[in-house]
Each structure stands twice: as C-alpha cells, then as structure tokens.
Amino acid sequence: MKSMLGKRAVSSFVSLLVLIVLVFFLSRLTGDPAALYLPIDASEAMRENFREINGLNDPVLVQFGHYLSDLVRLDFGDSLRKARPAIDVVLEAFVWTLWLALITMVLVTVAAIVVGALAAFNVGRGFDRVASVFSLIGASAPDFWVAIVGIVLFSVTLGWLPTSGTGTIWHWILPVAVLFIRPFGLILQIVRGSMINALGSAYVKTARAKGVKNRPIIFVHTLRNAMLPVITVIGDQAAALLNGAVVVETIFGFPGVGKLMIDSILQRDFNVILAAIMVTALAIFVMNIVIDIAYALLDPRIRT
Amino acid sequence: MGNHLLEVRDLSVRFHTAQGMVNAVNGISWHLDRGETLAILGESGSGKSVSASAIMNLIDTPPGEITAGQILFDGVDLLQAAPEMRRRTNGKRISMIFQDPLSHLNPVYPVGWQIAETALAHGWTKTAAYDRALSLMARVGIPDPQAALSKYPHEFSGGQRQRLMIAMALMLKPEILIADEPTTALDVTVQAEVLSLLEELKAETGMGLVLITHDLGVVADAADRAVVMEGGRIVEAGTPHDLYHSPKHPYTQKLLAAAPGKGVMRTAGKLAPPILEVHDLKKSYGAFEALRQVGFDLHAGETLAVVGESGSGKSTIARLVLRLEEATSGQVLWKGEDLLAKSPKEMAKLRRQLQMVFQDPTQSLNPHMTVFEIISEGWAIHRDILPKSQWRARVAELLEQVGLSAAHAMRAPHQFSGGQRQRIAIARALALEPEVIICDEAVSALDVSIQKQVIDLLGDLRDRLGIAFLFIAHDLPLVRDFADRILVMQKGEIVEQGTVHQIFDAAQHPYTQRLLYAGLDADPDVQAERRRKRRMLERA
C-alpha cells in the first residue's frame, strides 16, 4: 500500500512540476509582461522601469530561477489591484471555495449514494424511474441557466432567498443548490449502475448460498464493491468544484477562487492569477492523493 | 415414495426474457440420499443448474418463476417454506460451491472472514467461527492457514480458491453439498486433486453430494448415480456404468460418442519436409521466464499439438511465432527464412500463410461487422488473392465448407451460437488460403458435442486442403484423436515430445504420466483404474 501511494504521489507531483514550468513559459509566451501588466497608455520609460524592477531584462533561465524560488516561498508578489500579497488574496478566496465545495460534495455524496442505492434495489419500479429521469436532467442541465432560473424564482418572484453575496446562511442555499445538481445527477447514475452490477454479482450469490441475511449482503458485501467506481467520479467532480465554480460564483457574487480568477483576468492582475492556479493545483494534488488512499482502503487488489 | 434426504419433484421453472418466456426446466424429478453422490450431466442451456438454484433460493423473481413442483428436504417442501427458514437452511444444512471461484469470492474481504461468515451468519461466536475456519483451511490443504486467513482471494491460485470455497461450504457440516461445475476452469491435475478432496470429505462427513457437470469424465470419476439433462428435461438416469455401457436415450448416446479420446490414433506417414522450424525460442517478462529455449519443427500437412497446463507457455509460442509479441531471443524459420528478423511490412505479407483461430470467438470476431465483412477483410489487405467481384461467391463457398450457409453472410456474430461463431472464425482463417493454422484452445470453450463437430471439421479441412496445424490445447483426450505429434510443456519448457502413440502408450516423463493419469475418462472402469494409478503416483 505504501509503495502504491508513493508511486501515485510521485506521478501527481511530476504533473504539478510540469504545470509549474508550463505556467511560467505560457505567461512569457503571451507577450511582453510589461505590455500586459501596465496600462495601455503607459510611457516607454515606465515600461523600461517596470522591466528593470521585475527583472524582466534578465536571461529567461535566471527569471525562471527567481520564479521557482518565489514559488517555494509562496511569494507571488503583490496583487496590483489590492496592494496586498497575492497569496493572501487567493487564500482568502480559496477558503470560501473550499467550504462551498466541501458542503456541496458532502451533500451530493450522501444523497447520491442513498438515492442511487434505493433505485438499484427497485430497478424498473416507480422510484427508480423517477430517480433516473431526475438524474439525467440534473446531469445535463447547464448551471448558468439553473442559477438564473433559481434567482428569478426564489429571490425575485418569491423573495425567499438573497440574490447574491454572502453574510447569512441564506446566502449559501442557492449556490450550493445549483452546484449540487450536476454532480448529484452524474454520481447517482454511477451509484445506481454499479450497485445493480454488484447485487447481480457472483459473490452475492455465494453469500446467499451461505445463508447471510439481506442487510449484510447489501451493506457489507455489495456497497463496498459498488463504491469503487463511484469514488473516482466523486474525485473528478470535487476537483471541478475546487477549481472554482467560475460561472456560479460569478452569478451569485460569491467571493471564491473562481470569481477571483475571472476578476483578476479582466483586471490583468497576473500575480493573483498565478497564485490562484498554484493554490488550486496544489489542492487538487492533495485531493487526488486522498482519493487514492480511499480507493486503496476499499480495494485490496490495488494495494500492491 | 421413500424417505429421501432431498427430493426434487416435477419441478418446472421458467424465465421471462427479452425474447419471451423460456422454460428452463420442465417437470424434472431427482433425489439424493445420505452419503450418496448424484451427478447432473448436461451441456450449456440444458437447465442442469436450475434445480440447484431453486433449492438454494437463488432464483430471482422476476425474471424467474417456479411454476410447478416440490423440493422436499427431510420431508419438508422448501418451496413452501418461509424465507427466513430457507436462509437458515442455506449454508447450515445445504451448501453450494460454484464454478469460477474467483468471481464467487468477494474481492474486497479477507478469505478468513468470508469462510468464518458462514458460521457467523448462523449465530456462532467470532472465536468459534475463526477456529473452525482455521482448521478447515488446514484440512482442505491451504498452505500456512494462519497467514492465509487474512489474505484476499486474488492472492491464491485457481485450485486454492476452489479449496477455500469448499472450506466455506463445509463450515457447518452440511448434510448436502451442491457443487456446480466445481472443477471446470481448473487444470487437469488440479481438477483431479479437487475431486479427490471432495470424495474424501464426503467419506468423512457422510454428506450427500450433488455434482453438476458437463463432463462425462467427472461423472465416471465421482458419481454413484447420474441423471442426464437435455433441453430442460431429464432424458435418462442410471449408474455411470450403465449409462456408459448401455445408454438408452439417443442424446446420451450422442454425448458418449462425442467424448474425445476414444477414436483411432493417427499414424503419421512419411513426414514432409519441415515448413516451420523453431530454434531456442525464449521469452521473458522481467525476471520471469515464460518460455526457455523451446525448439521444434512443424512439417507440411502435419498436426502438431502443444499441450500443457496454464502457465506452461503454450500460448506464448503461438504469439511469438506470429509476432503478436516479440520474442526475447531465438529463431522462427518459415521455409528457411527467419520470421523474427522480418520488417513489419514483410511480415504483413507473410501473415496470410500463417493464420490463427482463437479460444473465444465472441471476443475474436468484431461484433460490429457482418460475417461477410469479417471473412472478406483479409482480401482487402492481401489484394492479390481474389478480385472483388468474386468475394461474395467465395464467402458463400467458405461458409458452406465450414458447415454454415451462404444466407448467413449478412448476419452479425451475435446471432450465432458459440460453435457457429468458431466456424466463422475458421472460415475467416481459411479465406487467406494459409498453409498453417494455429489453433489456441480453439475448441475448449465449446460443449462436448459441438467440440466434436468442430474437431471433425478441422480434420476434414486438413485432409482435403493439406493444411498444417499447430494445435494448442490443455485437453489430452482431444489431442489424442486429432494430432500426429505432441509436445508436452511444463513451466516454459518442452518436457517430452513424440508421436501420439509414443505419448499415449509409452510416456517417459513423469509430468506427462501425471497429466495422463489426471485426465478423466468417460468409462467408469478406465477411470477407476486411472484413479488408482494417480493415487500410487501421489504416494510415490
């Protein structure tokens, strides 16, 4: 198990390194940073000054060295707009996104497993049909549309919930609900399918022939096997949320990493963008390892 | 009606399927007494496992439906009993083991727990259950049982997994053990060991044994009585001796006639010059040597069988010769030219001369192509064989040659039975007019009677077209009727080679002898003799 985790950690770490290199060169490829960072009407002298201060006149490799040493110290420079360290700005926003993702994924996972398992026990009956139709709609509904309809219905027409912002628990309901729908639909489908598979499997037949009661057959023999494919999908969906739910955060004015990234791009706040990319990449790196550990705990076959 | 331990009376079961209602069994009756072994013999689709599923309450309704009959166990009709009573019977008084123990063991739990669970489910304490599991694992011959308790199913070999299943089934000393094809996917020597183990355990515990099988050899080896099933009905019942020597029903007669290993052995005439010469062929995967220094000749028109158990390297030979995989070292001379040294382009041209038929036609035929497309695809690659205008006529001809008809050309593979699919695979190979066909376990997935038909077809093609065969198989009796010469392989090496006469009448190498005695014969008398020899060999 340790060797398997080691291998996975190393391979994820390599992708992290590739990302770090890629980000540096991409940011250089998009043109002269001076032109990007400074306002369009900046004078040539200001540009030259900017290059000198930021070491842009150094050889690329030297610049890359500075970039790496800054990275290790988590020093991304200051946010141009907020005049504070970029990393602070990003971490502040990231905490919001983390909570949003965490609350949403916990709700999604519990709901999808319960509803999916129930649908699997009742294949072809009413409950299963209703659940399948809803999951299909949920998995295919575009979130910007759901978000807008949600605002129109619950905030504007009924006046039950605030339209945007943060502050009270009521502010969380619409964003979480909108983000909930798609992963719920997807994971429900996977849970249902893999539960049906597991219930029809040969080892369930063996358990029945041994005289095992129904409840342990479902909760001991099948559930653990059925969770294996589900975990992978949960990981993918959680990663998507950690990346910042750009559209949903923007619509609801939610101060998360997704909204911060869009704002920073529009404001050419490159230090913040860089910091945001690194923080989310690191978060996904950590989450992948958590998923691998969960997988290995459930399935002895991959521990070697 | 006497007091049998278990009696199935007039049982009828049907299944609702997409194709409509299927009657799986129709009014079948059989019984089992204490300490007795009853074999239920039948081919796939005969309904031989259905009554066992009904006894164990494993038939899901829907799609299944028990429409008539009784299952009397100790005088009580199980079909009328409450679900809780059936659960308490399962595992405690009647147990069952299955074919393919890997998929029948839960992959994510340790085997010790899975074996103990039989007792835990019936109210035993944890300590008592694990103690019993430990002693049973030792009894069924699992090495280092204490350590094995916490291992997972994938860490055992196929034979060991079946032993674990047996331990699991015998936890509570059941009065009846039902074994559904318990040795089918196992190597012959392992099969013999598992059958011996079942026999010993039956003698120790006095339980009744129901042995569901497609194999006449298993019946001859282990059964006191047997019933023969065909199309959901029992067509004949009797002792193995009677069934073998005076079968009454035409189906039983057909099954017996199809049993391999009874024909006349071929006597090779003068050998033609070799067309394929293999020298010092080697293949390693890392430190593991799958094939070490193998060498042999294949002569024109000759049938050379390669036999061995799983892991012996027999299929590796086929893949290396055809360069589906690259050899580590060695030479494969095809008419004097080294195939292993050919460029991919040269090799592509030569491929038409060496064709292959794989084990599982369901996987080796593309499900999205019609039979016509499958057979004619080779001509699109090797353009000089046949002008396109003649493809249709030639496909029809080939289909008829393998016992199908021209009308089958536009159908897809899934519309055919397993035997028919293998015929299509053979027609596909023949389309390229090869000089050698390599068959890798080409008939081992087929029912005995179908197996016989396909072997007859191959023999006929050999005689008419002069094709040489490299025939890879684990089944010795099959090879006995079909091959000219035999290579016996063990652990990546050829341990013995010779003509069929030499191998079957005077095998020299102890491994070959073990293989021969482990093989099951349909004749109960021959089988009893073989078992005696096997025991002697085991003791020696």
Side-chain angles (χ1 to χ4, degrees), chain A residues 1 3-4 7 113 117 120-129 191 194-232 291-304, chain B residues 49 52-53 55-60 62-63 83-111 113-123 150-155 161 164-165 168-172 174 177-180:
Chain A
M1 168 139 182
S3 73
M4 168 256 167
K7 271 183 230 157
I113 290 175
F121 300 143
N122 298 292
V123 176
R125 302 204 198 116
F127 183 85
D128 177 37
R129 301 249 164 110
V191 171
S194 86
M195 203 69 195
I196 290 174
N197 257 340
L199 282 170
S201 68
Y203 53 80
V204 165
K205 216 163 121 185
T206 308
R208 283 170 69 182
K210 282 198 282 189
V212 179
K213 290 179 185 157
N214 269 333
R215 198 178 299 221
I217 285 183
I218 291 163
F219 291 103
V220 179
H221 281 277
T222 33
L223 197 60
R224 183 158 161 189
N225 280 287
M227 279 307 103
L228 297 174
V230 176
I231 284 184
T232 316
I291 293 287
D292 283 342
I293 292 174
Y295 211 106
L297 286 177
L298 283 182
D299 189 352
R301 284 167 296 182
I302 62 155
R303 280 179 210 166
T304 40
Chain B
S49 302
S53 297
I55 294 167
M56 303 307 287
N57 200 16
L58 295 177
I59 296 176
D60 284 317
E84 179 58 17
M85 186 256 169
R86 313 250 348 231
R87 182 190 73 73
R88 282 197 212 157
T89 308
N90 278 6
K92 187 169 185 192
R93 303 189 63 196
I94 311 179
S95 276
M96 184 161 179
I97 60 173
F98 303 87
Q99 186 182 352
D100 186 13
L102 180 58
S103 67
H104 280 90
L105 288 165
N106 196 324
V108 301
Y109 292 103
V111 295
W113 176 79
Q114 295 191 55
I115 293 173
E117 195 196 16
T118 309
L120 295 172
H122 294 274
S150 52
K151 285 192 186 169
Y152 293 89
H154 69 275
E155 297 174 89
R161 282 183 211 126
L164 292 167
M165 289 288 285
M168 187 186 289
L170 297 187
M171 274 296 277
L172 303 175
L177 176 65
I178 302 173
D180 189 355

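If you're wondering where the values come from, they're calculated on a predicted model, not measured in any experiment.
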Pick one of side chain, backbone, both or neither for A/Val204, based on which atoms fall under 4.5 Å of a heavy atom in chain B. neither
Locate the shortest heavy-atom distance separating A/Pro300 from B/Pro107; write the atom from each residue and the value. CG-O, 3.3 Å
One option among A/Leu228, A/Leu298, A/Asn225 has the most heavy-atom pairs under 4.5 Å with chain B, and it is A/Asn225
Rounded to the nearest 0.5 Å, how far does CG of B/Leu172 lie from NZ of A/Lys210? 10.5 Å
If every non-hydrogen atom of A/Arg224 is compared with every non-hydrogen atom of B/Val108, which pair is closest and at what distance? NH2-O, 3.3 Å
Shortest non-hydrogen pair, B/Ser103 vs A/Ala202, comes out as O-CB, 3.2 Å
Would you compute the distance between atom NE2 of B/His154 and atom CG of A/Asp299 and round it to the nearest 0.5 angstrom? 8.0 Å
With a 4.5 Å cut-off on heavy-atom pairs, point out which of B/Met168, B/Arg88, B/Glu155, B/Met171 contacts chain A the most. B/Met168
Measure from the side-chain N and O atoms of A/Lys205 to the backbone N and O of B/Ser53, and report whether any donor-acceptor pair falls under 3.5 Å. no
Side-chain heavy-atom pair A/Asn214, B/Arg87 within 4.5 angstrom cut-off: no
Min side-chain heavy-atom separation B/Met56-A/Arg208 under 4.5 Å: no
What part of B/His122 lies closer than 4.5 angstrom to a heavy atom of chain A: side chain, backbone, both or neither? side chain
Comparing B/Asp100, B/Asp60, B/Thr118 against chain A, the one with the most heavy-atom pairs below 4.5 Å turns out to be B/Thr118
Non-hydrogen atoms of A/Tyr203 and B/Leu105 that approach each other most closely: CB-C, 3.7 Å
